[in-house]
Amino acid sequence: MYALLDCNNFFVSCERTLDPDLDGKPVVVLSNNDGCVVSRSNEAKALGVPMGAPAFKYRELFAANDVKVFSAKFELYNFRSQQVMEMAKSFLPDDAYEVYSIDELFLDFHGFKYFDLEEYCNKIRKKIDTELKLPTSIGVAPTKTLCKIANHIVKKNTEQYPDGVYIMDSREKIEEALNDLDIGDVWGIGRKLGAKMVDHGVYKASHLLLKPEMWIRKVMGIQGVRMINELRGIPQLELDKASPKRSIMVSRSFMQMISTKEELAERIETFAIYCAEKLRKQNSCCKVISVFIQTNRFRKELGEYKNGFSIILPNPSSSSIVLAKYANSIFEAIYKHGFQYKRAGVMVSDFVPDNERQISLFEKDIDDKHIPIMKAIDKLNSKYGKDKIRLGGMSGKNTYGRATLSPEYEEFLKNNILPEANYRFQ
DNA sequence: TCTGGGGTCCTAGGACCC
DNA sequence: TCTGGGGTCCTAGGACCC
């Protein structure tokens with residue numbers, strides 16, 4: 001059996017660890033630039049605030065219902081996430097887990113045959129709840145896809161499962177769950193596939209199992225075949241071990257649109273430098289760097305332009321200086337005057353370990369010279385705080401709108417050295 | 001006025017090879 | 001008038017996830 005441990009309303013729950021007065025009140029957390037709702041308390045959900053709701057459309061509802069609104073504090077969420085993961089992992093043998101996202105952890109209960117899993121999961125949950133003040137749900141089932149569903153069931157039926165644990169351990173329980181579950185709520189069915197399924201009369205998860213495998217294969221590809229096996233209780237997906245990332249992206253939407261070339265160039269350079277720092281943190285060098293820029297897709301009347309381009313580096317690099325230079329040269333090539341830009345980003349990919357760099361015979365390799373400088377900068381920044389040391393030209397302006405930091409959070413930042421995240425970021 | 005920021009995997013189709 | 005049949009590798013784009 002596998003389990004999925006999932007933190008309930010994670011970002012909101014993190015806010016409540018700083019201020020218990022928020023308990024029982026409607027609370028939402030907003031994305032960067034205070035743009036979208038990315039986490040909602042149960043009370044906020046009950047008021048009809050959807051996930052991803054643009055904040056400006058809900059200001060009145062927030063005010064009318066005294067909803068507490070917070071800007072995202074990713075340092076805090078990462079810190080809490082690591083606390084949860086550490087605590088949960090301590091209940092399992094080495095490597096019998098997969099950190100799936102900032103608030104989700106898969107557990108592998110292989111070898112727990114003689115354990116009462118319900119009782120054991122309760123123990124895990126209670127410890128996290130009492131010591132960290134973070135509520136979680138645990139779904140247990142024979143496959144990862146069914147764990148997702150078991151977890152979903154816990155969250156939907158809190159009165160029925162007040163302990164936050166559901167064990168899906170029989171044919172009948174699985175059948176019942178699949179009969180109840182809308183096809184769009186199956187892990188791996190998104191908006192497009194969901195619509196297509198409905199067109200073909202597949203409304204519930206169980207309907208999918210009635211379709212011939214050839215049809216599944218044609219409509220959904222190989223993933224679909226895996227999915228139906230997982231739904232039948234035949235494991236197709238193993239736990240992924242923590243592995244270095246295969247690509248790294250830094251991108252932002254700008255609170256105010258950017259119309260000068262210099263300002264946008266500066267942002268791109270900053271993004272490239274952040275990419276380089278993340279690369280060095282996982283001891284990788286990249287072979288490819290890409291840059292994209294785009295106007296506001298919600299303001300088409302201002303004119304639309306969107307472009308991006310990748311180049312292969314002469315030598316794999318993790319140098320801030322090198323990556324900033326190439327990012328800028330791409331930017332020069334794709335920039336078009338006369339538009340107001342809303343969003344831009346830099347992505348690096350095609351990694352090699354930094355001790356296995358294959359140096360081009362024909363290009364001079366300057367990366368080696370940069371490495372000592374870079375490492376020194378990284379060290380100073382980790383000691384004294386992000387961006388205390390910067391390359392000349394890197395923007396020092398804070399371009400985020402982050403209006404609603406609380407005094408408790410200022411206090412929290414003062415008292416904690418925040419570790420880096422090493423999992424997928426929400 | 002105001003609409004996030006990351007990631008992964010798969011597929012189709014083109015380039016190229018013999 | 002006639003115009004192979006495979007393979008492999010790479011890339012862009014689309015789908016999904018949180």
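Chain letters run A, B, ... following the sequence lines, proteins first and then strands; every chain starts at 1.
- Taking only side-chain nitrogens and oxygens, A/Asn33 never comes nearer than 4.0 Å to OP1 or OP2 of B/dG4.
- Side-chain contact check for A/Thr145 and A/Arg226: no donor-acceptor pair (N or O, by modelled atom type) lies under 3.5 Å.
- Candidate nucleotides C/dA15, C/dC17, B/dG6 were compared by shortest atom distance to the side chain of A/Ser251, and B/dG6 ranks first.
- You'll find the side chain of A/Arg267 stays beyond 4.5 Å of the side chain of A/Tyr341, heavy atoms only.
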Report task. With pairs defined as Watson-Crick or G-U wobble and both distances under 3.5 angstrom, please note down DNA chain C as a dot-bracket string, | for pairing with another strand. Result -> ....||||||||||||||
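- Stacking of A/Phe56 onto the six-membered ring of B/dT1 is not present when judged by under 5.5 angstrom between centres and under 30° between planes.
- Outside the 6.0 Å centre-distance limit, the rings of A/Phe11 and A/Phe70 are not counted as a close aromatic pair.
- In the set C/dC17, C/dC16, B/dT8, C/dC17 carries the atom at the smallest distance from any side-chain atom of A/Lys148.
- Taking 4.0 Å as the cut-off between side-chain N and carboxylate O, A/Glu332 and A/Lys261 count as a salt-bridged pair.
- Across the protein-nucleic acid pair, A/Asn9 atom CG and C/dC18 atom P stand 15 Å apart, rounded to whole Å.
- Among A/Lys155, A/Lys45, A/Arg16, the one residue that satisfies the side-chain hydrogen bond (donor to acceptor under 3.5 Å, both in side chains) test with A/Asn9 is A/Lys45.
- Nucleic acid contact class of A/Arg246 (heavy atoms, under 4.0 Å, all strands): sugar-phosphate only.
- At the phosphate of B/dT3, neither OP1 nor OP2 sits under 4.0 Å from any side-chain N or O atom of A/Arg343.
- In this structure, A/Lys287 places its NZ atom 10 Å from P of C/dC10, rounding to the nearest Å.
- Put simply, A/Arg299 has no side-chain N or O that comes within less than 4.0 Å of OP1 or OP2 on B/dT3.
- Between A/Tyr58 atom OH and B/dT1 atom P the separation is 19 Å, expressed in whole Å.
- For C/dC18 and B/dT3, the P atoms lie 25 Å apart once the distance is rounded to whole Å.
- Put simply, CD1 on A/Ile293 is 16 Å from P on B/dG5, counting in whole angstrom units.
- To the nearest 0.5 Å, atoms CH2 (A/Trp187) and CG (A/Leu237) are separated by 6.0 Å.
- Residue contacts for A/Val37: at a heavy-atom cut-off of 4.0 Å it reaches no nucleic acid atom on any strand shown.
- In the set C/dC16, B/dG5, B/dG7, B/dG7 carries the atom at the smallest distance from any side-chain atom of A/Met249.
- Listed candidates were B/dG4, B/dC9, B/dG7. Nearest to the side chain of A/Ser247 is B/dG7.
- Comparing C/dC18, B/dG4, B/dC2 by their closest approach to the side chain of A/Ser101 singles out C/dC18.
- Considering only side-chain N and O atoms, A/Lys300 lies nowhere under 4.0 angstrom from the phosphate OP1 or OP2 of B/dT3.
- Closest to the A/Lys192 side chain, of the nucleotides C/dA15, B/dG4, B/dG7, is C/dA15.
- Going from atom CE of A/Met257 over to atom C1' of B/dC2 covers 10 Å, rounded to whole Å.
- Between A/Glu104 and A/Lys148 there is a salt bridge, since a side-chain N of the basic residue sits under 4.0 Å from a carboxylate O of the acidic one.
- Of the candidate nucleotides C/dC18, B/dG4, B/dG7, B/dG4 has the atom nearest to the side chain of A/Asn32.
- For the pair A/Ile222 and A/Lys278, nearest-nucleotide mapping onto DNA chain B gives the more 5' position to A/Lys278.
- Taking OH of A/Tyr97 as the reference point, atom OG of A/Ser90 lies at 11.0 Å (rounded to 0.5 Å).
- Listed nucleotides B/dC9, C/dC17, B/dT3 differ in distance to A/Trp187; the shortest reach to its side chain belongs to C/dC17.
- Between B/dG7, B/dT8, C/dA15, one nucleotide has an atom nearer to the side chain of A/Leu193 than all others, and that is C/dA15.
- Phosphate proximity of B/dG4 to A/Ser253: present, with a side-chain N or O under 4.0 Å from OP1 or OP2.
- As a whole-Å value, the separation of A/Gln340 CD from B/dC2 C1' is 15 Å.
- For the pair A/Ser137 (side chain) and A/Asn151 (backbone), a donor-acceptor distance under 3.5 Å is absent.
- For B/dT11, the OP1/OP2 oxygens have a side-chain nitrogen or oxygen of A/Arg217 closer than 4.0 Å.
- Here A/Lys196 lies out of heavy-atom contact (under 4.0 Å) with every strand.
- For the pair A/Ser31 and B/dT3, the criterion of a side-chain N or O lying under 4.0 Å from OP1 or OP2 is not met.
- Distance, A/Glu230 CD to C/dC16 C1': 15 Å, rounded to whole Å.
- When the side-chain nitrogen and oxygen atoms of A/Arg226 are compared with OP1 and OP2 of B/dC9, none of them lie within a distance under 4.0 Å.
- Within a 6.0 Å sphere centred on CD of A/Glu131, heavy atoms belonging to other residues, nucleotides or ligands number more than 12.
- Following rounding to the nearest Å, A/Leu237 (CG) and C/dC16 (P) show an atom-to-atom distance of 16 Å.
- When the nearest nucleotides of DNA chain B are assigned to A/Gly221 and A/Phe298 by heavy-atom distance, the more 5′-ward of the two goes with A/Phe298.
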